[in-house]
*Asks:* 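Could you have a look at this structure, given as structure tokens, before my questions?
Fair warning: this is a prediction, and the values are worked out from it, not measured in the lab.
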Amino acid sequence: MRIGRAQPYTELEIRRQTCGVEGCTNKAKHQWQCCATGNRWIPVCAHHDVELNDLVLNWMGHPDRGALMRKYRKREGVHEEREGDR
């Protein structure tokens with residue numbers, strides 16, 4: 001299965017896409033470029049974008065992860081708080 005595309009989506013195009021996460025039917029809001037898929041741009045909904053950001057900050061061991069994620073969740077309207085956000 002080929003998800004995404006080689007060139008980034010425009011703002012209008014991304015809003016017309018469905019989230020590229022398997023099983024998710026939400027409308028896309030953002031896009032991620034994934035090297036493992038041949039640098040294809042993959043549409044993601046706000047919820048999965050927040051999850052990706054949290055995953056990366058956690059992987060980095062970022063000292064301000066909790067504060068950054070609280071702020072980002074609020075900005076994106078995703079209100080699920082994770083253990084590391086406290």
*Asks:* I need the Asn58 CG to Asn53 CG distance, nearest 0.5 Å.
*Replies:*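 Answer for the CG-CG pair, Asn58 versus Asn53, is 12.5 Å.
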*Asks:* Is it the case that one hydrophobic cluster holds both Trp59 and Trp32, taking links as side-chain heavy atoms less than 4.5 Å apart, direct or via other members?
*Replies:*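 Result: yes, single cluster for both.
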*Asks:* Quick one: list whatever passes side chain to side chain donor-acceptor pair (under 3.5 Å) with Glu76, sequence neighbours left out.
*Replies:*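 Glu76: side chain to side chain donor-acceptor pair (under 3.5 Å) contacts with Lys29, His30.
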*Asks:* Holding to side chain to side chain donor-acceptor pair (under 3.5 Å), I want the full list of residues that pass it with Trp41, two or more places apart in sequence or in another chain.
*Replies:*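 For Trp41, no residue satisfies side chain to side chain donor-acceptor pair (under 3.5 Å) once neighbours in sequence are set aside.
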*Asks:* Can you list everything that forms a salt bridge (Lys or Arg N to Asp or Glu O under 4.0 Å) with Arg5? Sequence neighbours excluded, please.
*Replies:*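 With neighbours one apart ignored, the set is Glu13.
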*Asks:* Who pairs with His48 by side chain to side chain donor-acceptor pair (under 3.5 Å), at least two apart in sequence or on another chain?
*Replies:*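 His48 satisfies side chain to side chain donor-acceptor pair (under 3.5 Å) with no residue once adjacent residues are dropped.
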*Asks:* Who are the side-chain contact (heavy atoms from CB on, under 4.5 Å) partners of Leu12, not counting sequence neighbours?
*Replies:*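 Listed in chain order: Thr10, Arg15, Arg16.
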*Asks:* Quick one: does Val50's side chain get under 4.5 Å of Met69's, heavy atoms only?
*Replies:*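 A side-chain contact exists here, since the closest heavy-atom pair is under 4.5 Å.
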*Asks:* Applying side chain to side chain donor-acceptor pair (under 3.5 Å), run through Asp54 and Tyr72 and close with a yes or a no.
*Replies:* CA-CA 10 Å; Asp54 189 41; Tyr72 192 57; over 6 Å; no
*Asks:* For Asn26, check side-chain contact (heavy atoms from CB on, under 4.5 Å) against everything at least two apart and list the hits.
*Replies:*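 Partners of Asn26 by the side-chain contact (heavy atoms from CB on, under 4.5 Å) criterion, ordered by chain and then number, come out as Cys24, Cys45.
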*Asks:* Is the backbone N or O of Ile14 less than 3.5 Å from a side-chain atom of Gln31, with the two atoms forming a donor-acceptor pair by type?
*Replies:*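 No.
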*Asks:* Is there a donor-acceptor contact under 3.5 Å from the side chain of Arg40 to the main chain of Gly4?
*Replies:*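 Indeed, once roles are kept as given, a pair shorter than 3.5 Å links the two residues.
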*Asks:* Looking at side-chain heavy atoms only, is the closest gap between Glu51 and Val44 below 4.5 Å?
*Replies:*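 Heavy-atom side-chain distance check fails, nothing below 4.5 Å.
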*Asks:* Under the side-chain contact (heavy atoms from CB on, under 4.5 Å) rule, collect the residues that match up with Cys34, sequence neighbours excluded.
*Replies:*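 So Cys34 forms a side-chain contact (heavy atoms from CB on, under 4.5 Å) with Ala36, Thr37, Ile42.
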*Asks:* Look at the side-chain heavy atoms of Ile, Leu, Val, Met, Phe, Trp and Tyr, link any pair under 4.5 Å apart, and say whether Met60 and Leu68 land in one connected group.
*Replies:*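 In one cluster: yes.
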